[in-house]
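Next up is a structure, given as C-alpha cells.
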There are 2 protein chains.
Amino acid sequence: MAPAVTSLRKERDLKAREELILDHARRLLAEKGFQAWNMEQLAVAVEYSKGTLYQHFSSKEDLVLAVASRILNLRADLFEQAASFKGSTREQGRAIGLASCVFAHRHPDFFHIEMMLKSASFWEKASPERKEAHARAGARCWRTLYNIIVSAIALGDMPRLPWSAEHATMALISITIGSHVVGMEHNLRVFAGIDNPLLSVRLNQDLVCDGLGWKPLLHEHNYAATDQRIVSEIFPDAAAFLIPA
Amino acid sequence: MAPAVTSLRKERDLKAREELILDHARRLLAEKGFQAWNMEQLAVAVEYSKGTLYQHFSSKEDLVLAVASRILNLRADLFEQAASFKGSTREQGRAIGLASCVFAHRHPDFFHIEMMLKSASFWEKASPERKEAHARAGARCWRTLYNIIVSAIALGDMPRLPWSAEHATMALISITIGSHVVGMEHNLRVFAGIDNPLLSVRLNQDLVCDGLGWKPLLHEHNYAATDQRIVSEIFPDAAAFLIPA
DNA sequence: TGGATTTTTGACCGATGGTCATTTTATGAT
DNA sequence: ATCATAAAATGACCATCGGTCAAAAATCCA
C-alpha cells in the first residue's frame, strides 16, 4: 500500500497537469477555433504524449467542455461579487449586468466556445461528470440573478404580474446572451452602426428591466452614478471601458 | 456552340439537383447534427457520387451554410408576410414576433444550425458567394423589422430617446435570438419550470417593446385580440400553438 | 537492488473530407 | 446511324485526425 503522502502529491501533480492542458487548449481554441488544431499539436504544446491527454479527457469534445466550464465558473464568480453590491435590488441587478460586460471583456473567446457547445455532438461525446460540472456552473450564474429578483419581488421593487421570478430571470439572461451573440455578428454591427457592442448589451438590459417594471426605472434614477459606485467598489480595474469618457 | 435551349435545360437540371442535395443535407443535419454523417453517405442518399457534390459546394461547411441560408430566407419570407399586417406599428412588430415563433415551430432545426455557424471555422471554409448570400438573407429579416420601427418613431409610437432605430431593432432581435437560445437549453427549462419556450419568447418580446416605450403598451391594449387577428389573417394554420386554449 | 506496479508513450487503426485521372455520357456534324 | 469531341460523373486514392493499446519507461517498495 502506498503511503498517503505520496499519493496526495500525485493527485496534486495530476491536477496541475490538467490545468496546464486546459490552459493550452483554451489558447488554441481562442486562436484557431475547434477544427484547426489537433490533439497531437496540443500534446506537443504541453510536452506530454497524446495518450496522456486521454487519461484526463475522454475526447476532444470532453476537453473543450472542461475549458468552457472553467470559464463559466469565472463568470459565476463575477456575478457573485456583483451581487454583494449594497444598493437597491435594481442596482444589484445592474451590477450583475456590468459583471457580464466585465466578463465579456476579460474573456472575449467565451461566447464562441459556448456557441460551439450548442452543436449537438458535443453532449454525446462528453463525459457525464463534465456535463454535470457545466450544468452546476451555469446554475451558479442563474441562481445569483434569480435570488436578487426574488428579493425585488418580495420588496415590491418589481410588480408580480404576469411573470414569475423564473420568467424574469430568463428574460434578463436571454437579453444578455442574445445581445452578446448579435454583437458578435460583424455584418450586423457595421450595418447597424454599433461601434461598442458592450454598450448595447447594457442598454438592452435596461430595456428589459424597465419592461419588467423594476423600480426605480431608468428615468427615475441616476444610474450613471450607480455605475460609478459599482465600478469603483467592485470592478475598479474595468473603469476604462465600463464608464465611457 | 451549343444551342441555347439545351444549355437552359442543363442549368435547370443543375439547379434541381442542388435542391435535392440541400434537401437531403438538411435532413441529415436535423437528424444527426454536423459530425455524425459524411459526404459519402449524402452522395449515396442523393444517388450521385461524392465528386459531383463537390461540383456544387466547395466544402461540407459551404454546403451547410447553403442549407442555413435557404432556411433563413424562409424566415425572411415570414417576416415580410407579417409586416403586411394592417394595424398599429406595435401590432405590426408583434406580427413579426409571432412570425419568429411560427418559424421556430416550422423549422425547429434552424437554431441548431445557426449556432453551428457561429463556430469560427465555418466562415473560413465557405465560399464568398455563399457568405454573401447568407448576409443578404439576414439583412432581409433585419430590414423588415427596422422599417416598422422607423415608422413607429416617425409616427410618434416610439419615443426618440435614448436609442436609435438601429438600436431598437437590435434589441428586439437580441431578445428573440437570446430567448430561443435559452429556450433550447434543456436544463434551464426544467430548472425554470418553462414548459412552452415559445410563450417565453413572446413574453420577452413584449418586455422589450414596453421597455422601448412602444405605444400602445402591453397594458394599454388588448393584444390577445390582435393575436387572434394576426393568426387568422396571416398564419391561419398556426393557430393551434400560437393561441393557447 | 530487483521485481512488481503504475504511468507514459507513439506506432497504429479506422474514418473522413477532399482531389483528380479515368470513365461515361451528351452533343452535334456528317 | 456513326463518330469525334467536349462535358460531366465517378470512385480509387491521399492526407489528416481522433482515439487505442501493447510495449517501454518510470516509480515504488521490500
Side-chain angles (χ1 to χ4, degrees), chain A residues 1-18 20-21 24-25 28-29 32-67 116 119 121-127 130, chain B residues 1-18 20-21 24-25 28-29 32-67 116 119 121-127 130:
Chain A
M1 199 186 76
V5 62
T6 59
S7 97
L8 276 176
R9 192 194 61 202
K10 268 191 197 172
E11 205 170 315
R12 211 176 49 226
D13 289 352
L14 227 64
K15 182 77 182 161
R17 191 170 66 187
E18 192 154 310
L20 177 72
I21 297 170
H24 280 268
L28 287 170
L29 276 170
K32 300 165 179 276
F34 179 70
Q35 304 249 23
W37 56 276
N38 59 45
M39 296 298 273
E40 184 61 37
Q41 288 169 31
L42 175 59
V44 169
V46 297
E47 295 181 298
Y48 285 96
S49 74
K50 203 161 51 154
T52 301
L53 298 186
Y54 280 92
Q55 288 188 347
H56 291 269
F57 306 98
S58 67
S59 68
K60 193 179 178 184
E61 283 81 0
D62 195 47
L63 167 63
V64 170
L65 182 57
V67 172
M116 202 179 292
S119 297
S121 57
F122 264 86
W123 300 94
E124 295 163 14
K125 295 191 182 176
S127 64
R130 308 255 179 226
Chain B
M1 200 185 79
V5 62
T6 60
S7 96
L8 275 175
R9 193 194 62 204
K10 266 190 197 167
E11 204 169 315
R12 212 176 50 228
D13 289 352
L14 227 65
K15 181 75 181 161
R17 192 169 65 189
E18 191 154 311
L20 177 73
I21 298 170
H24 280 268
L28 287 170
L29 276 170
K32 300 166 180 274
F34 180 70
Q35 304 251 24
W37 56 276
N38 59 45
M39 295 299 271
E40 184 61 36
Q41 288 168 30
L42 176 58
V44 169
V46 297
E47 295 181 297
Y48 286 96
S49 73
K50 202 161 51 152
T52 300
L53 298 186
Y54 280 93
Q55 288 187 347
H56 290 269
F57 306 98
S58 67
S59 69
K60 193 179 178 183
E61 283 80 1
D62 195 46
L63 167 63
V64 170
L65 181 56
V67 172
M116 203 178 289
S119 298
S121 56
F122 265 87
W123 301 94
E124 295 163 15
K125 294 191 181 177
S127 64
R130 307 256 178 227

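Just so you know, these numbers come straight off a predicted model, no measurement behind them.
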With a 4.5 Å limit on heavy-atom distance, are the side chains of A:L63 and A:L53 in contact?
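Side chain of A:L63 against side chain of A:L53, heavy atoms only: no contact under 4.5 Å found.
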Spacing of B:D13 atom CG relative to C:dA26 atom C1', expressed in whole Å:
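Nearest whole value for this atom pair: 12 Å.
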Length of the CD-C1' vector between B:Q41 and C:dG14, whole Å:
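After rounding, the gap between these two atoms is 14 Å.
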Atom pairs under 3.5 Å: protein N/O with N/O of nucleotides 8-11 of chain D:
from: D:dA9; atom 1: OP1; to: B:R17; atom 2: NH1; distance (Å): 2.5
from: D:dA9; atom 1: OP2; to: B:R17; atom 2: NH2; distance (Å): 3.2
from: D:dA9; atom 1: OP2; to: B:Q55; atom 2: OE1; distance (Å): 2.9
from: D:dT10; atom 1: OP2; to: B:S49; atom 2: N; distance (Å): 2.8
from: D:dT10; atom 1: OP2; to: B:S49; atom 2: OG; distance (Å): 3.2
from: D:dT10; atom 1: OP2; to: B:T52; atom 2: OG1; distance (Å): 3.0

Does the side chain of A:Q35 come within less than 4.5 Å of B:E61's, by heavy atoms?
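SC-SC contact between B:E61 and A:Q35 confirmed.
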Please report, rounded to the nearest Å, how far the P atom of D:dT20 is from the CE atom of A:M39.
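The distance from CE of A:M39 to P of D:dT20 comes to 11 Å, rounded to the nearest Å.
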Taking A:S127 for its side chain and A:S58 for its backbone only, find out whether a donor-acceptor pair lies under 3.5 Å.
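Here the side-chain-to-backbone pair does not exist.
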Separation of B:N38 atom CG from C:dT16 atom C1', in whole Å?
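Atom CG in B:N38 sits about 6 Å away from atom C1' in C:dT16.
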Could you check how far OH of A:Y54 sits from P of C:dG10, rounded to whole Å?
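That distance rounds to 16 Å.
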Taking atom C1' of C:dG10 as reference, at what distance in whole Å does atom CG of A:L42 sit?
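Value for this atom pair: 16 Å.
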Specify the closest pair of heavy atoms between B:A25 and B:V67, including all atoms of both residues, with the distance to one decimal.
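Heavy atoms only, the tightest pair is CB-CG2, 4.0 Å.
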For the atom pair CG (A:L65) and NZ (A:K125), what is the distance rounded to the nearest 0.5 Å?
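Atom-to-atom, A:L65:CG and A:K125:NZ are 13.5 Å apart.
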Would you kindly give the CH2-to-C1' distance between A:W37 and D:dG18, to the nearest whole Å?
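Result: 11 Å.
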Rounded to whole Å, how long is the line connecting atom CG of B:L63 with atom C1' of C:dT16?
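Nearest whole value for this atom pair: 15 Å.
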With a 4.5 Å cut-off on side-chain heavy atoms, are A:H56 and A:D62 touching?
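No; the side chains remain at least 4.5 Å from each other.
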